[in-house]
Every structure is written in C-alpha cells, then in structure tokens.
Amino acid sequence: MPDSPGAVYGRVGKEIAARADRLWDLALALRADPETAFRT
C-alpha cells in the first residue's frame, strides 16, 4: 500500500531539515552569483 501524503511530507521535511545548512549555503552562493544557476 502506498504511503499517505502526510507520511511522505514528513519524510521530506526531515530530509530538508537534515540538509538545511547545505541548502542555505547553496542559496547564498546562487544569490551572490546568479549566473552559476545557468552554467552547464
């Protein structure tokens, strides 16, 4: 049986919380140099 939406959102929230510092650093880097987001 598939997971309920609440269970999935709960797992996603935990993963985001576990990576919050890295995600914040990435956001700051992209804000400082927006062209980075478009490089391949």
Side-chain angles (χ1 to χ4, degrees):
M1 181 156 126
D3 293 335
S4 70
V8 173
Y9 287 129
R11 286 198 309 271
V12 169
K14 286 180 185 176
E15 291 298 324
I16 290 170
R19 293 167 173 76
D21 289 337
R22 290 180 64 200
L23 291 170
W24 184 252
D25 290 342
L26 176 61
L28 290 176
L30 290 174
R31 184 172 185 267
D33 185 14
E35 291 298 318
T36 303
F38 298 103
R39 291 186 189 147
T40 58

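In this chain, residues are counted from 1 in sequence order.
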Quick one: hydrophobic cluster around Leu28, which other residues, with the 4.5 Å side-chain cut-off, linked directly or via members?
-> Trp24

Could you tell me whether Asp25 atom CG has more than 12 heavy atoms of other residues or ligands within 6.0 Å of it?
-> yes

Tell me whether Ile16 is reachable from Leu26 by hopping between hydrophobic residues (I, L, V, M, F, W, Y) whose side-chain heavy atoms are closer than 4.5 Å.
-> no

Would you mind checking if Arg11 and Glu15 are paired as a salt bridge, meaning a charged N to carboxylate O distance below 4.0 Å?
-> no

